[in-house]
Amino acid sequence: MSATTDFDAVVIGSGITGGFAAKELTEKGLTVLVLERGKPLRHRTDYTTEHLPTWRMPDRNLPNRELYAKDYYIQRQARGFDYTTLNFWNNDRENPYVQAPDQPFNWFRGGIVGGRSILWGRQCYRWSDLDFGANRRDGHGNDWPIRYADLKNWYSYVERIIACRVTPRIWHNCRMANSSRPWLSRRSKRRSSRASSRAFRAGGSPSAVSLI
Ligand SMILES: Cc1cc2nc3c(=O)[nH]c(=O)nc-3n(C[C@H](O)[C@H](O)[C@H](O)COP(=O)(O)OP(=O)(O)OC[C@H]3O[C@@H](n4cnc5c(N)ncnc54)[C@H](O)[C@@H]3O)c2cc1C
């Protein structure tokens, strides 16, 4: 690796957002610097708890209440927080943030290279127009300057790269899109197809719900 300090772009944070931006920029020929505040994490070799049976974990994976209360008082409330993922979460004592007393907010954060992409549940949802308009209808914040039509092709672009597979999780406002090699049973597919048709006939907007 060359020791250049001459970069075309600097990306702050190596999560899904920053990581993808860095990938795209690099592939377009730019020299990119990614800055990440979290600990280094080597793919595979640093997943030290992967496939570890419960009985091989400290206290059989029962919560270490003292440690969690001291260092992970926010993160410990997240689904998926336990000994198996402990190394991947933000240390709340070292990285505190201010919360308004009347508006508490649990900020679940990764503390490693890759950010929360290391922790996420692999469900990939497309937002529909119903979602983009929800806060305006409810009177919160600013209206999104974009709608589903603006993102549709980009959803497809990303889904191809991350290898999404469409599944039959259909909301009332969604129909399946971008179907490529679903991995579900025939029965599930039939159900999915019926639910999808019903939803679309009911006036749903085109949106996909996918799993990797
Ligand atoms: C347990 C869990 C399960 C989830 N499951 C799903 C799911 O199934 N489907 C789904 O769509 N979403 C899911 N999510 C949410 C999803 O993971 C996040 O929305 C997504 O990963 C956020 O990506 P990001 O790049 O915006 O932020 P992050 O992944 O948080 O990346 C931000 C990065 O920036 C770094 N950083 C922050 N400040 C600085 C700084 N000043 N300098 C340098 N670096 C900095 C951080 O360390 C971090 O690595 C889940 C989240 C969690 C925690």
Check this for me: [X], atom [atom1], are more than 12 non-hydrogen atoms of other residues, nucleotides or ligands nearer than 6.0 Å?
X: R56; atom1: CZ; answer: no
X: N142; atom1: CG; answer: no
X: R60; atom1: CZ; answer: no
X: E66; atom1: CD; answer: no

Roughly how far, to the nearest 0.5 Å, is the [atom2] atom of [Y] from the [atom1] atom of [X]?
X: E159; Y: I162; atom1: CD; atom2: CD1; result: 7.0 Å
X: D150; Y: Y155; atom1: CG; atom2: OH; result: 10.5 Å
X: S156; Y: L151; atom1: OG; atom2: CG; result: 10.5 Å
X: F132; Y: I146; atom1: CZ; atom2: CD1; result: 4.5 Å

[X] side chain vs [Y] backbone, donor-acceptor pair below 3.5 Å:
X: D59; Y: N61; result: no
X: R137; Y: L130; result: yes
X: D92; Y: Q75; result: yes
X: N91; Y: R93; result: yes

#### Entry: Selection residues 28-41 - residue pairs positive for side chain to side chain donor-acceptor pair (under 3.5 Å), sequence neighbours left out
S14-E36, E24-K28, R37-N90
### Message
Going by side-chain hydrogen bond (donor to acceptor under 3.5 Å, both in side chains), name the residues that satisfy it together with K70, two or more places apart in sequence or in a different chain.
### Response
none
Hydrophobic cluster identity match, [X] and [Y], side-chain contacts under 4.5 Å:
X: L33; Y: L25; result: no
X: L35; Y: V32; result: no
X: V11; Y: L30; result: yes
X: L41; Y: L52; result: yes
X: V34; Y: F88; result: no

### Task
Return yes if a side-chain donor-acceptor contact under 3.5 Å exists between S128 and D131, otherwise no.
yes
### Residue list, salt bridge (charged side-chain N to carboxylate O under 4.0 Å, His left out) with R147, at least two apart or on another chain
D143
### Message
Can you list, by chain and residue number, the hydrophobic cluster partners of W55 when the side-chain cut-off is 4.5 Å?
### Response
none
### Message
For the aromatic rings, using the six-membered ring if either is Trp, is the centroid distance between Y73 and Y68 under 6.0 Å?
### Response
no
### Query
Taking the inter-plane angle between the rings of F81 and Y72 on a 0 to 90° scale, is it parallel (under 30°), tilted (30 to 60°) or perpendicular (over 60°)?
tilted
### Task
Mark yes or no: K152 above the aromatic ring of Y148, with NZ or CZ under 6.0 Å from the six-membered ring centre and no more than 45 degrees from the axis.
no
With a cut-off of 3.5 Å and sequence neighbours excluded, list every side-chain donor-acceptor pair involving residues 99-115.
{"unit_1": "Q99", "atom_1": "OE1", "unit_2": "F105", "atom_2": "N", "d": "2.5"}
{"unit_1": "N106", "atom_1": "ND2", "unit_2": "Q77", "atom_2": "OE1", "d": "3.1"}
{"unit_1": "R109", "atom_1": "NH2", "unit_2": "N95", "atom_2": "O", "d": "2.5"}

### Message
Please enumerate all residues that pass ring pair (Phe, Tyr, Trp, His ring centres under 6.0 Å) together with H43, with sequence neighbours excluded.
### Response
Y47
### Task
Check the pair T49, L86 against side-chain contact (heavy atoms from CB on, under 4.5 Å), reporting the backbone distance first and the verdict last.
CA-CA 9 Å; T49 53; L86 188 61; over 6 Å; no
### Task
Test R116 against T17 for side chain to side chain donor-acceptor pair (under 3.5 Å), laying out the working first.
CA-CA 10 Å; R116 283 172 289 175; T17 313; over 6 Å; no
